[in-house]
Amino acid sequence: MDIDWAALERAAVDVAANAYAPYSDFPVGAAGIVDDGRLVVGCNVENASLGLSLCAECGLVSALHASGGGRLIAIVVRKGDGGHIVPCGRCRQLLNEVGGADLLVDTDGTRRPLAVLLPDAFGPEDLP
Ligand code: THU
């Protein structure tokens, strides 16, 4: 599949404008392309309890399922100002579930398979 990385980056920065990040003032956006061509996005949503805050990638995974599921092929994550950010450990694990080792992840203009960010991942295939 041809991946329009520029469109994904625009969508990631755009959706970060909808982030609810009053505590960190650190808006994040994520945009991904699904194996059927759909574009899915997510932004971080914080909570007064702080520890319950949801990352942008978490919202994207929910949007993926809510809009019909499928496999994630490529994802771009950006700060609201377009700056670079790498997915936290929890989000790497969430992304592994829906994209696997071959999911292409752009955090800084380069594209790396998720296997580089989360080597030897525990995943669905490890369960009976
Ligand atoms: N955040 C994300 O949205 N994705 C990440 O992968 C790392 C961190 C958010 C969570 C919190 O709302 C803010 O960035 C500061 O940690």
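- By the 4.5 Å heavy-atom criterion applied to side chains, Val76 and Arg10 are not counted as neighbours.
- Looking at every heavy atom in both residues, Met1 comes nearest to Ile33 through SD-CG1, 3.9 Å.
- Across every non-hydrogen atom of Leu103 and Leu72, the tightest pair is CD1-O, 3.5 Å.
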Validation: residues 109-128 side-chain donor-acceptor distances under 3.5 Å, sequence neighbours left out:
residue : atom : partner : partner atom : Å
Thr110  : OG1  : Asp108  : OD1          : 2.5
Arg112  : NH2  : Thr107  : OG1          : 3.4
Asp126  : OD2  : Gly123  : N            : 2.8

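- Between Val13 and Gly82 the shortest heavy-atom distance is CG2-CA, 3.9 Å.
- When the side chains of ILVMFWY residues are joined at heavy-atom separations under 4.5 Å, either directly or via intervening members, Val45 and Tyr23 end up in a single hydrophobic cluster.
- By the rule that hydrophobic residues join a cluster once side-chain heavy atoms approach within less than 4.5 Å of another member, Ile85 and Leu95 end up as members of one cluster.
- Side-chain contact between Val61 and Glu57 is absent, with no heavy-atom pair separated by less than 4.5 Å.
- You'll find the side chain of Val98 reaches within 4.5 Å of the side chain of His65, heavy atoms only.
- Contact between Glu97 and Arg71 at its shortest, heavy atoms only, is O-NH1, 3.0 Å.
- The closest donor-acceptor contact from the side chain of Asn44 to the backbone of Phe26 lies under 3.5 Å.
- Under the 4.5 Å side-chain criterion, counting only non-hydrogen atoms from C-beta, Asn47 is not in contact with Leu54.
- Hydrophobic clustering, with ILVMFWY side chains joined whenever heavy atoms are under 4.5 angstrom apart, keeps Ile75 apart from Val15.
- The number of heavy-atom neighbours closer than 6.0 Å to CG of Asp81, taken from other residues, nucleotides and ligands shown, is above 12.
- With values rounded to the nearest 0.5 angstrom, Leu39 atom CG is found 9.5 Å from Asp4 atom CG.
- The nearest pair of heavy atoms linking Ser67 to Val40 is OG-CG1, 3.7 Å.
- With hydrogens and angles disregarded, no donor-acceptor distance shorter than 3.5 Å links the side chain of Arg78 to the backbone of Ala31.
- The distance from atom CG of Leu64 to atom CG of Leu94, rounded to the nearest 0.5 Å, is 11.5 Å.
- Residue Val28 is not grouped with residue Leu8 when hydrophobic side chains (ILVMFWY) are merged at heavy-atom distances under 4.5 angstrom, including chains of intermediate members.
- Counting all heavy atoms, side chain and backbone alike, Arg90 lies closest to Cys58 at NH1-SG, 4.0 Å.
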